[in-house]
Amino acid sequence: MLFMIFILTPFMDFINARHGNICPVEGLSKIVRKEDPLQQKEECDVLNDSIVVRGTQGNLGNKMFSYIILTFISKQFGLKTFTTKYVFDHINKIFKISDIAEVQVVEDSLCHAFNGLTVIEKMDAFGIHGKDNLICDVEEKISLEYFTGHLGSLNNSELRKGKALIFHPYPLGYNIGNFNIKNTDAIIEDVNIPMSLVREHFQFENYFTNWSFDVLARIEKDFRRRNKLNKKRKITFVGIHNRRGDHIKDQVKKGVGELLPGYFLGGMEFYREKYKNVIFLYVSDDMEWGRLRLLPRVRTGDLFLAGALTDSSISDDIDLAAGYDLSLLSLCNHTILSYGTFSYWAGVLAGGDIFTPENYQNIEYYI
């Protein structure tokens, strides 16, 4: 899945231009066109520092990368950052970002620049397939151009002033197999985003963690009862994430194909040999696969189907279901991962040991 980044001019907190006399972008001068006195239109010129805007048409894992990279840019380079409403609204549903968000919404303040994009650019950058434009109160005179540099180039003085660049995604390609978190304290070594920033901004809303703790408590109680374990015996939780659905086609294109039951069974045996009293939680966008292909082959009674799709009260909203799944996986001690950015985040947030496919490091993603 490809992403696009835009670098534009600085913003302040969004000001509704309809009721105010200030441009929605801090540092822009306001010009009133007077060709038609009855239909005067406000127009903003670009001045001062650049800003960064990034969008994606991907799902939660990709949106998290977009958001955390923008947050990192804001802190590291001191630039204002924006993402799309599509990204921000989903992140805001899952995590407690309202009070600490340094990323704002592009459609609220760069309306005219958004309308100036081609249909293809809107689709690639924002995941928007329609041809309709936004209704703008203020026009921003911004001219977009492509840039294929690296994030570090934002330190260059010529890019920090008044630029409006489409930041091409390929220079930000990362190898999803690099789980060197304990050694580098960074989720992407090339970009060096610290885990402390991830922990600060990706704190789940209470209803996700409460549900996840309830699931863990219920399963642990059942496991202890069946195995006659008292409360003093330590339990180790291992989250199994199996991304299937439309992602299988993408894996086939990359030459790795789908993960078969043997992979997950091998991962489970790895943890059984390393830890005692292990509980495995199967989480997937295809829970039926786990029930039919994996569960019958586990005779040890330590595998549980535990994803949000097993709970009819929360499974209808796909965006929220992804949040429940990720929250549950993040509370596990260790993980067995499949492919994709969502699975990557499950491993990052859980920490501990991370079991991945043999060819995991050969898959390159572009963010």
Side-chain angles (χ1 to χ4, degrees), residues 1 56 58-65 94 173-181 187-188 212 215 237-272 278-298 302-310 315 318-319 321-367:
M1 191 73 68
T56 175
N59 294 316
L60 180 58
N62 297 340
K63 293 171 185 173
M64 290 172 67
F65 266 117
I94 309 300
Y174 74 100
N175 190 310
I176 202 170
N178 288 338
F179 282 107
N180 299 319
I181 300 167
I187 61 167
I188 310 176
S212 300
V215 170
F237 288 98
V238 175
I240 300 175
H241 181 247
N242 184 16
R243 174 68 188 275
R244 294 184 55 79
D246 60 343
H247 206 267
I248 298 296
K249 293 181 180 179
D250 189 47
Q251 292 169 201
V252 171
K253 289 180 181 179
K254 289 180 168 63
V256 297
E258 68 174 294
L259 293 171
L260 300 176
Y263 163 70
F264 298 102
L265 294 171
M268 294 171 70
E269 192 58 33
F270 167 81
Y271 285 112
R272 290 193 192 103
V278 182
I279 293 176
F280 297 95
L281 306 179
Y282 179 85
V283 176
S284 176
D285 57 351
D286 188 351
M287 297 301 294
E288 190 70 0
W289 187 95
R291 186 180 72 83
L292 296 177
R293 300 288 305 277
L294 198 58
L295 194 59
R297 299 179 63 173
V298 178
D302 52 5
L303 174 61
F304 295 82
L305 304 183
L309 296 184
T310 64
S315 59
I318 297 177
D319 284 354
Y324 284 111
D325 280 347
L326 190 59
S327 173
L328 181 60
L329 289 166
S330 75
L331 293 178
C332 292
N333 304 109
H334 312 285
T335 44
I336 299 173
L337 301 187
S338 56
Y339 301 107
T341 54
F342 183 95
S343 207
Y344 176 89
W345 281 113
V348 166
L349 296 179
D353 298 331
I354 301 173
F355 190 92
T356 63
E358 188 176 22
N359 55 359
Y360 206 65
Q361 297 185 8
N362 296 328
I363 306 300
E364 191 174 45
Y365 293 81
Y366 296 104
I367 54 176

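None of these values were measured; they are calculated from a predicted model.
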Strictly under 6.0 Å, is that where the ring centroids of Phe65 and Tyr344 end up?
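Yes, ring centres under 6.0 Å apart.
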Rounded to the nearest 0.5 Å, how far does [atom2] of [Y] lie from [atom1] of [X]?
{"X": "Leu328", "Y": "Ser212", "atom1": "CG", "atom2": "OG", "result": "5.0 Å"}
{"X": "Thr341", "Y": "Leu60", "atom1": "OG1", "atom2": "CG", "result": "8.0 Å"}
{"X": "Leu305", "Y": "Leu294", "atom1": "CG", "atom2": "CG", "result": "8.5 Å"}
{"X": "Ile336", "Y": "Ile240", "atom1": "CD1", "atom2": "CD1", "result": "4.5 Å"}
{"X": "Leu309", "Y": "Tyr324", "atom1": "CG", "atom2": "OH", "result": "12.5 Å"}
{"X": "Arg293", "Y": "Asp286", "atom1": "CZ", "atom2": "CG", "result": "10.0 Å"}

Return yes if some donor-acceptor pair links the side-chain N/O of Ser343 with the main-chain N/O of Gly340 below 3.5 Å, else return no.
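Judged by distance alone, no pair lies under 3.5 Å.
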What residues, two or more places apart in sequence or in another chain, satisfy ring pair (Phe, Tyr, Trp, His ring centres under 6.0 Å) together with [X]?
{"X": "Tyr263", "result": "Phe355"}
{"X": "Phe264", "result": "Trp289"}
{"X": "Phe237", "result": "none"}
{"X": "Phe342", "result": "His241"}

Residues in side-chain hydrogen bond (donor to acceptor under 3.5 Å, both in side chains) with Arg291, at least two apart?
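Once residues adjacent in sequence are excluded, the partners of Arg291 under the side-chain hydrogen bond (donor to acceptor under 3.5 Å, both in side chains) criterion are Glu288.
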Which residues pass the side-chain hydrogen bond (donor to acceptor under 3.5 Å, both in side chains) test with Asn242, sequence neighbours left out?
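With neighbours one apart ignored, the set is Tyr282.
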Looking at every non-hydrogen atom in both residues, tell me the closest pair between [X] and [Y] and how far apart they are.
{"X": "Leu259", "Y": "Pro357", "value": "CD2-CG, 3.8 Å"}
{"X": "Ala350", "Y": "Cys332", "value": "CB-O, 3.6 Å"}
{"X": "Ser327", "Y": "Ser330", "value": "O-OG, 2.7 Å"}
{"X": "Pro296", "Y": "Gly290", "value": "CD-O, 4.5 Å"}

Do [X] and [Y] touch side chain to side chain, with heavy atoms closer than 4.5 Å?
{"X": "Met64", "Y": "Ile94", "result": "no"}
{"X": "Leu281", "Y": "Val238", "result": "no"}
{"X": "Arg243", "Y": "Asp285", "result": "yes"}

Show your working on side chain to side chain contact (heavy atoms under 4.5 Å, CB included) between His334 and Ile354 and close with a plain yes or no.
CA-CA 6 Å; His334 312 285; Ile354 301 173; over 6 Å; no
For Leu295, does the CG atom sit with more than 12 other heavy atoms under 6.0 Å from it, leaving out its own atoms?
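Yes, the 6.0 Å shell around CG holds more than 12 heavy atoms from other groups.
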Does the pair Arg272/Asp302 count as a salt bridge with the N-to-O cut at 4.0 Å?
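A salt bridge is present here (some side-chain N lies under 4.0 Å from a carboxylate O).
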